[in-house]
Chemist: 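Structure provided below as structure tokens; questions to follow.
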2 protein chains.
Amino acid sequence: MFDDQHIKVAVDAVVFGYKDLKLHTLLIKQKYSPFQGWWSLPGGFVKDDESLLAGVARELREEAGITVNYLEQLYTFGDDVKRDPRARVISISYFALVNADQFTLKADTDAIEAQWFEINDLPELAYDHARITEMALTRLRAKIHYQPIGFNLLNKEFTFPELEQLYTAILQKPIDRRNFRKKILSFDLLVETNKFQKEGSGRPAKLYRFHTQKYQALMASGFYFEIKFA
Amino acid sequence: MFDDQHIKVAVDAVVFGYKDLKLHTLLIKQKYSPFQGWWSLPGGFVKDDESLLAGVARELREEAGITVNYLEQLYTFGDDVKRDPRARVISISYFALVNADQFTLKADTDAIEAQWFEINDLPELAYDHARITEMALTRLRAKIHYQPIGFNLLNKEFTFPELEQLYTAILQKPIDRRNFRKKILSFDLLVETNKFQKEGSGRPAKLYRFHTQKYQALMASGFYFEIKFA
DNA sequence: ACAAAAGTGTTAGACCTACACCCATGG
DNA sequence: CCATGGGTGTAGGTCTAACACTTTTGT
């Protein structure tokens, strides 16, 4: 019952970043067979004495040198017994958000290269990683409606136009600027700064910060964040 | 990288059933140590050549002789390295719904006894199964608002009072009968039969069926089921 | 003064919520 | 005919969705 099982346990992460007004995901070029040279999700095998979370964090550090702003479990892929040609491997996949501007990617032990890819222009992926990525994207699109997770993709201080553009990039449909601002402000979770973002042409936009503590307090007392746009 | 890992993979299921106007969950009395005699979730180790889903289905069959109406992955527990005192074991846990009336529980190989427990009156559970159950309950309560999963707990033909009582049992708060009926009917997903449930006193209630096919068709074209009650 | 992007309010319709009486059956 | 539980409509309030002009800045 114990020694006749030979299943290996891996963790993989779909890391989303927002760059150049587009949603990106982080991929690693595989160094070894059986998918040498292919792009794949960052991830790897879990150590015997390491929690799953610690495993993902370690792989992200080793393979891409990044620390994420948000991390949650996505799904465990283990129904296809042959998803890894080498052995029976199940993958506990995670969903992560990061501020892409904050890092210069660097590769390390397990990978040749780490790179951001625009979500609508992904290369062919190793294993079942395309499916995992798709599922993560579905989760992101669903979740952004009922949790304020978008802020994890932006700088600590951001403008309304940035936030709005982020939502448009994720949901791939236009948003009414006035209704969006009204709704977001109604939660009273943003802190207005006195700073402005002066870039490009046009009127400078005011910078805001997300009030994480206040959100956590509200959460605890049964508050629900929600934004609907048909 | 392959042979230095010794993590075991188990699956566990939180099976919900609705009986005697109350929400129940299915528990198994452990036959062997380290939790001999304790109540625990049905589950066990996955076989090398078996999908995770097949593993859960097999365990449910073997341990309790049941087949479920609804089954989805819940969460993978593997952050506590010592959640099983014998070895490093991760548990991929599932969330299942079943029509409790339809089965007479029978125990088999791995268990002494299988039994329904009222959700507000659970015994102390083995391993971290209390936490898993709690998470499943949270999921059920959330999910019943935005997916028509309640029908999986009832007979194929059911009455409005039954459906309403089910929601009350799950959410543990009263519901306005008129608004509930109006909302459910507005989806146009129920098929009215000409039959009535004649039981007890009072006016007999009309029997309805859930139109599964129609629901699946609507789903495919972007429809969302949703019931809110503050 | 012009171009570019930020900021701002109102209104109609949809949806949610609260609420009380009549109806069908069995004893 | 009484007790029990099933079935039904309406009105007020709140939220959503649609829509266009003014403000600030750089050139």
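Computed from a prediction, not measured in an experiment: that's the story for all the values here.
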Chemist: Do W39(B) and F117(B) have ring centres separated by under 6.0 Å?
Modeler: yes
Chemist: Would you check if the distance from the ring center of F225(B) to the ring center of F187(B) is below 6.0 Å?
Modeler: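 Yes, the ring centres sit under 6.0 Å apart.
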Chemist: Contact between Y208(A) and L163(A) at the side-chain level, heavy atoms closer than 4.5 Å - yes or no?
Modeler: no
Chemist: So for R181(A) and dG7(C), does any side-chain atom that can act as donor or acceptor lie under 3.5 Å from a complementary atom in the base?
Modeler: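 By the distance-only test, no, there is no pair.
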Chemist: Tell me, for nucleotides 22-27 of chain C in 5' to 3' order, what letter each nucleotide earns: B for a base near a protein heavy atom under 4.0 Å, S for only sugar-phosphate near one, - for neither?
Modeler: -BBS--
Chemist: Can a salt bridge be assigned to the pair R181(B) and E164(B) using a cut-off of 4.0 Å between side-chain N and carboxylate O?
Modeler: no
Chemist: Look at the side chain of R178(B) against the base of dG7(D) and say whether a donor-acceptor pair falls under 3.5 Å; ignore hydrogens and angles.
Modeler: no
Chemist: Which atom pairs, donor and acceptor, lie under 3.5 Å between side-chain atoms of residues 196-207 of chain A and protein residues at least two apart or in another chain?
Modeler:
| from | atom 1 | to | atom 2 | distance (Å) |
| --- | --- | --- | --- | --- |
| Q197(A) | NE2 | E162(A) | OE2 | 2.8 |
| K206(A) | NZ | E192(A) | OE2 | 2.6 |

Chemist: What integer distance in Å separates L190(B):CG from dG7(D):P?
Modeler: 12 Å
Chemist: Within a strict 4.5 Å, meaning less than it, do heavy atoms of the E59(B) and V56(B) side chains meet?
Modeler: no
Chemist: From the set dA6(C), dG9(C), dA18(C), return the single nucleotide nearest to any side-chain atom of N179(A).
Modeler: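 So the side chain of N179(A) is nearest to dG9(C).
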Chemist: Measure CG/L163(A) against P/dA6(C) and give the value in whole Å, please.
Modeler: 13 Å
Chemist: Rounded to the nearest Å, what distance is computed from the CD atom of residue Q197(A) to the C1' atom of nucleotide dA4(C)?
Modeler: 15 Å
Chemist: So, OP1 or OP2 of dC16(C): does either fall under 4.0 Å of a side-chain N or O from K183(B)?
Modeler: yes
Chemist: How many whole angstroms separate atom CZ of F180(B) from atom C1' of dG6(D)?
Modeler: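 Those two atoms, CZ and C1', are 14 Å apart.
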Chemist: Specify the separation, in whole Å, of atom NZ of K228(A) and atom P of dA18(D).
Modeler: 14 Å
Chemist: Grab the NZ-P distance between K195(B) and dG6(D) for me, whole Å please.
Modeler: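 K195(B) atom NZ is separated from dG6(D) atom P by 19 Å.
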Chemist: When only distance counts, do a donor and an acceptor, one from the side chain of K182(A) and one from the base of dT10(C), lie under 3.5 Å apart?
Modeler: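 Such a pair exists between side chain and base.
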Chemist: Need to verify one output field. Residue with the more 5' nearest nucleotide on DNA chain C, E226(B) or F160(A)?
Modeler: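 Comparing both residues, the 5'-ward one is F160(A).
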Chemist: Starting from C1' on dG7(D), measure out to CG on D176(B) and report it in whole angstrom.
Modeler: 13 Å
Chemist: Please confirm whether F95(B) and F16(B) have ring centers closer than 6.0 angstrom.
Modeler: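 Centroid distance F95(B)-F16(B): below 6.0 Å, so yes.
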Chemist: To the nearest Å, how far apart are L185(B) CG and dT8(D) P?
Modeler: 8 Å
